[in-house]
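Worksheet: the structure to be examined is printed underneath.
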Number of protein chains: 2
Amino acid sequence: MSFARMTPELFALVAERFKAFSEPNRLQILHVLRLSEHTVSELVEETGIGQANLSKHLQQLMSCGLVARRKEGLYTHYSLADRDVLKVCDLMCGRLERETKERKKAFATK
Amino acid sequence: MSFARMTPELFALVAERFKAFSEPNRLQILHVLRLSEHTVSELVEETGIGQANLSKHLQQLMSCGLVARRKEGLYTHYSLADRDVLKVCDLMCGRLERETKERKKAFATK
DNA sequence: CGACTGCATCACAAGATAGTAATGCAGTTG
DNA sequence: CAACTGCATTACTATCTTGTGATGCAGTCG
């Protein structure tokens with residue numbers, strides 16, 4: 001890790017960030033937001049997640065600083081907080097892709 | 001994400017990877033392994049985590065491909081699976097560092 | 001102001017996860 | 001082979017997380 005000294009508190013904070021990414025519905029939300037800003041009702045449409053549930057996930061993503069909120073009259077628009085959010089996702093997906101590829105190869109040569 | 005099309009199964013797989021990172025004890029384990037390969041009993045020493053608990057965490061890290069195992073007689077040596085594991089951690093720590101710095105700044109100017 | 005809309009929050013049930021003591025088991029040593 | 005060691009596994013409990021229906025609330029519109 002890039003901190004000089006890792007304390008239990010830091011481990012907990014970092015873990016919390018990772019936890020925000022560790023749920024399929026939240027990843028799907030981030031994936032939809034990747035394209036553009038969306039309102040909550042648009043996200044309900046796009047993802048099929050229930051409104052209350054979605055709202056809670058968005059709160060969680062907010063509190064970890066992964067998404068940004070913009071209120072406009074009756075609507076709340078959500079968007080990705082920054083490009084690093086995608087970088088993290090892509091890095092993890094890259095790992096997974098490589099992994100599945102290697103598994104396929106291992107299968108083939110068996 | 002870098003996959004052509006994200007399916008529910010893919011979201012679940014990626015989420016599982018993130019979940020492996022989303023626990024303070026597991027992050028601490030990865031942090032210790034960052035330096036070098038360790039046996040389980042060494043990890044118990046270094047981290048203060050109970051043996052049974054540690055063993056379970058190691059299984060979980062294994063099944064997600066984050067660490068590698070090498071058995072040698074009575075001992076089992078664990079090490080990081082690859083450099084990307086660290087890249088993911090560092091990226092997340094970087095985010096956190098920036099975040100705390102900005103929060104500090106916001107505090108100062110208040 | 002009264003009905004409506006979009007969203008947040010609450011309360012609760014169901015399922016997942018982490019910690020721990022006890023046990024199992026393979027490999028080592030006397 | 002009998003005792004021991006390092007680790008994995010099991011069984012169980014406590015805690016956390018997620019999904020959902022109901023409710024609350026601020027902003028909008030007739």
Side-chain angles (χ1 to χ4, degrees), chain A residues 8-9 11-33 36-80, chain B residues 8-9 11-33 36-80:
Chain A
E9 292 75 34
F11 282 126
L13 276 173
V14 178
E16 199 186 341
R17 264 45 177 194
F18 275 116
K19 190 164 291 179
F21 283 99
S22 75
E23 220 273 339
N25 280 334
R26 284 196 289 274
L27 288 178
Q28 195 189 351
I29 294 170
L30 293 175
H31 187 62
V32 171
L33 292 183
S36 68
E37 186 184 72
H38 283 73
T39 68
V40 176
S41 33
E42 284 168 354
L43 286 171
V44 170
E45 275 280 319
E46 290 255 3
T47 63
I49 304 170
Q51 184 267 317
N53 195 13
L54 186 52
S55 199
K56 283 205 306 189
H57 283 307
L58 287 170
Q59 299 311 309
Q60 203 168 343
L61 292 172
M62 265 304 284
S63 77
C64 285
L66 303 190
V67 301
R69 185 179 357 218
R70 180 172 71 83
K71 295 205 87 172
E72 192 182 58
L74 214 43
Y75 294 85
T76 312
H77 302 263
Y78 282 92
S79 56
L80 296 185
Chain B
E9 292 75 33
F11 282 125
L13 278 173
V14 178
E16 199 186 342
R17 263 50 176 190
F18 275 115
K19 191 164 291 180
F21 283 99
S22 75
E23 219 273 338
N25 281 333
R26 283 196 290 274
L27 288 178
Q28 195 188 351
I29 294 170
L30 294 174
H31 186 62
V32 171
L33 292 183
S36 68
E37 186 184 72
H38 283 73
T39 68
V40 177
S41 33
E42 284 167 353
L43 287 172
V44 170
E45 275 279 321
E46 290 255 3
T47 63
I49 304 170
Q51 184 267 317
N53 195 13
L54 186 53
S55 200
K56 283 205 307 188
H57 282 308
L58 287 170
Q59 299 309 310
Q60 203 168 342
L61 291 171
M62 266 304 283
S63 76
C64 285
L66 303 190
V67 302
R69 185 180 358 221
R70 180 171 71 83
K71 295 205 86 173
E72 192 182 59
L74 214 43
Y75 295 85
T76 313
H77 302 263
Y78 283 91
S79 56
L80 295 185

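If you're wondering where the values come from, they're calculated on a predicted model, not measured in any experiment. The chains referred to below are lettered A, B, ... by the order of the sequence lines, with proteins before strands, and numbering in each begins at 1.
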Review point. Which of the following nucleotides, D/dG27, D/dA8, D/dC7, is nearest to the side chain of B/Arg69?
Key: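 For B/Arg69, the side-chain atoms sit closest to D/dA8.
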
Nearest-Å distance for atom pair [atom1]/[atom2], residues [X] and [N]:
X       : N      : atom1 : atom2 : answer
B/Gln60 : C/dG19 : CD    : P     : 10 Å
B/Leu74 : D/dC4  : CG    : C1'   : 9 Å
B/Leu43 : D/dC7  : CG    : C1'   : 12 Å
B/Met62 : D/dA8  : CE    : P     : 10 Å
A/Gln59 : D/dT17 : CD    : C1'   : 16 Å
A/His77 : C/dC7  : NE2   : C1'   : 12 Å
A/Tyr75 : D/dA26 : OH    : P     : 19 Å
B/Phe18 : C/dA16 : CZ    : C1'   : 20 Å

Exercise for review: Could you tell me which non-hydrogen atom of B/His57 sits nearest to which non-hydrogen atom of B/Asn25, and how far apart they are?
Suggested key: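 Closest pair (atom of B/His57, atom of B/Asn25, distance): NE2-CB, 4.1 Å.
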
Review point. Contact class for B/Glu72 vs. all strands (heavy atom < 4.0 Å): base, sugar-phosphate, or nothing?
Key: nothing

Exercise for review: Would you mind classifying the nucleic acid contact of A/Glu42 as base, sugar-phosphate or nothing, using non-hydrogen atoms under 4.0 angstrom?
Suggested key: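 It contacts nothing in the nucleic acid.
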
Distance in Å, [X] [atom1] paired with [Y] [atom2], rounded so as to fall on 0.5 Å steps:
X       : Y       : atom1 : atom2 : result
A/Leu30 : A/Phe21 : CG    : CZ    : 6.0 Å
A/Thr76 : A/Glu37 : OG1   : CD    : 10.5 Å
A/Ser79 : A/His38 : OG    : NE2   : 11.0 Å
B/Gln60 : B/Ile29 : CD    : CD1   : 9.5 Å

Review point. Are the side chain of B/Ser55 and the backbone N or O of B/Ala52 linked by a donor-acceptor pair below 3.5 Å?
Key: no

Exercise for review: May I ask you to decide if A/Lys19's main-chain N or O and A/Arg26's side chain share a donor-acceptor pair within less than 3.5 Å?
Suggested key: yes

OP1 or OP2 of [N] versus the side-chain N and O atoms of [X]: is any pair under 4.0 Å?
X       : N      : answer
B/Tyr78 : D/dA8  : yes
B/Arg26 : C/dA18 : yes
A/Ser41 : C/dC7  : yes
A/Asn25 : D/dG19 : yes

**Study point:** 5'-most by nearest nucleotide on DNA chain D - B/Thr39 or A/Glu23
**Key:**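 The residue closer to the strand's 5' end, by nearest nucleotide, is B/Thr39.
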
**Study point:** Proximity to DNA chain C (any heavy atom under 4.0 Å), residues of residues 44-58 of chain B only
**Key:** B/Ala52, B/Asn53, B/Lys56, B/His57

